[in-house]
Amino acid sequence: MRLHNVRSAGGAYLLVLLASVIAGPASAAKPSVYYPVDRVICDRKAWVCYDPFGASVPLTKAHLGNQAANLLQQRMTNAGKAWNPNHFVLSNGIECFVAKKVCFVSAGSEEVDPEATKQLFGNR
């Protein structure tokens with residue numbers, strides 16, 4: 001493809017418009033929380049993946065990479081006994097309780113999030 005040097009402001013606008021048409025529509029931003037496989041929820045913003053038992057270093061490594069897995073391992077180690085594997089809040093606000101096998105639509109809510117609960121804990 002050959003592009004000509006255009007000197008006018010209108011021509012520059014046309015050139016930018018042509019480039020955007022050729023490139024196609026911008027891809028939608030990836031959601032921070034997603035469900036890569038059954039019984040797994042990953043949070044790109046927090047760099048952690050969870051399974052029905054809580055945060056998982058191996059799943060984090062598999063779905064978010066070595067850097068995220070190393071960071072998660074470091075956070076767990078640094079927290080020591082203060083680490084709570086039975087409770088977490090995702091970056092989109094969903095709050096999950098491992099022992100109760102339930103996720104709520106937001107922290108402190110009593111409204112169950114059926115999609116997240118089913119994804120993480122299966123049929124209830």
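Everything quoted here is computed from the prediction, not taken from an experiment. The basis for the numbers below is simple: all heavy atoms, side chains too, and nothing from hydrogens, waters or symmetry mates.
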For [X] versus [Y], what's the shortest heavy-atom pair and its separation?
{"X": "Val48", "Y": "Ala55", "value": "CG2-CB, 3.9 Å"}
{"X": "His87", "Y": "Phe97", "value": "CD2-CE2, 3.2 Å"}
{"X": "Asn92", "Y": "Ile94", "value": "OD1-N, 3.2 Å"}

Donor-acceptor pairs under 3.5 Å, side chain of residues 104-116 to any protein atom, not counting sequence neighbours: which ones?
{"from": "Ser109", "atom 1": "OG", "to": "Glu111", "atom 2": "N", "distance (Å)": "2.9"}
{"from": "Asp113", "atom 1": "OD1", "to": "Glu115", "atom 2": "N", "distance (Å)": "3.2"}
{"from": "Asp113", "atom 1": "OD1", "to": "Ala116", "atom 2": "N", "distance (Å)": "2.9"}

Show the atom names and distances, to 0.1 Å, of all donor-acceptor pairs under 3.5 Å that link a side chain in residues 37-47 to residues at least two apart or in another chain.
{"from": "Asp43", "atom 1": "OD1", "to": "Lys45", "atom 2": "N", "distance (Å)": "3.1"}
{"from": "Asp43", "atom 1": "OD1", "to": "Ala46", "atom 2": "N", "distance (Å)": "3.2"}
{"from": "Asp43", "atom 1": "OD1", "to": "Ser91", "atom 2": "OG", "distance (Å)": "2.8"}
{"from": "Asp43", "atom 1": "OD2", "to": "Ser91", "atom 2": "N", "distance (Å)": "2.6"}
{"from": "Asp43", "atom 1": "OD2", "to": "Ser91", "atom 2": "OG", "distance (Å)": "3.2"}
{"from": "Arg44", "atom 1": "NH1", "to": "Pro31", "atom 2": "O", "distance (Å)": "2.5"}
{"from": "Trp47", "atom 1": "NE1", "to": "Arg44", "atom 2": "O", "distance (Å)": "3.4"}

Could you go through the side-chain contact (heavy atoms from CB on, under 4.5 Å) check for Leu120 and Lys101 one step at a time?
CA-CA 8 Å; Leu120 195 57; Lys101 297 188 182 317; over 6 Å; no
With disulfide bond (SG atoms under 2.5 Å apart) as the rule and sequence neighbours excluded, what pairs involving residues 79-119 come up?
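Counting only pairs at least two positions apart or across chains, the disulfide bond (SG atoms under 2.5 Å apart) contacts touching residues 79-119 are Cys96-Cys103.
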Give the other cluster members for Phe53, using side-chain heavy-atom distances under 4.5 Å between Ile, Leu, Val, Met, Phe, Trp and Tyr residues; answer none if it is isolated.
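Phe53 clusters with nothing; isolated.
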Besides Val89, the hydrophobic cluster formed by Ile, Leu, Val, Met, Phe, Trp and Tyr side chains linked at under 4.5 Å, directly or via other members, contains none
In the single-linkage hydrophobic clustering (I, L, V, M, F, W, Y; side-chain heavy atoms under 4.5 Å), do [X] and [Y] co-cluster?
{"X": "Met76", "Y": "Phe88", "result": "yes"}
{"X": "Leu71", "Y": "Val33", "result": "no"}
{"X": "Val98", "Y": "Tyr50", "result": "yes"}

Spatial distance of atom OH (Tyr35) from atom SG (Cys49) [nearest 0.5 Å]:
12.5 Å
Just jot down the side-chain hydrogen bond (donor to acceptor under 3.5 Å, both in side chains) partners of Gln119, sequence neighbours excluded, or say none.
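Applying side-chain hydrogen bond (donor to acceptor under 3.5 Å, both in side chains) to Gln119 gives none.
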Pairs satisfying side chain to side chain donor-acceptor pair (under 3.5 Å), at least one member in residues 57-73, at least two apart
Gln73-Thr77
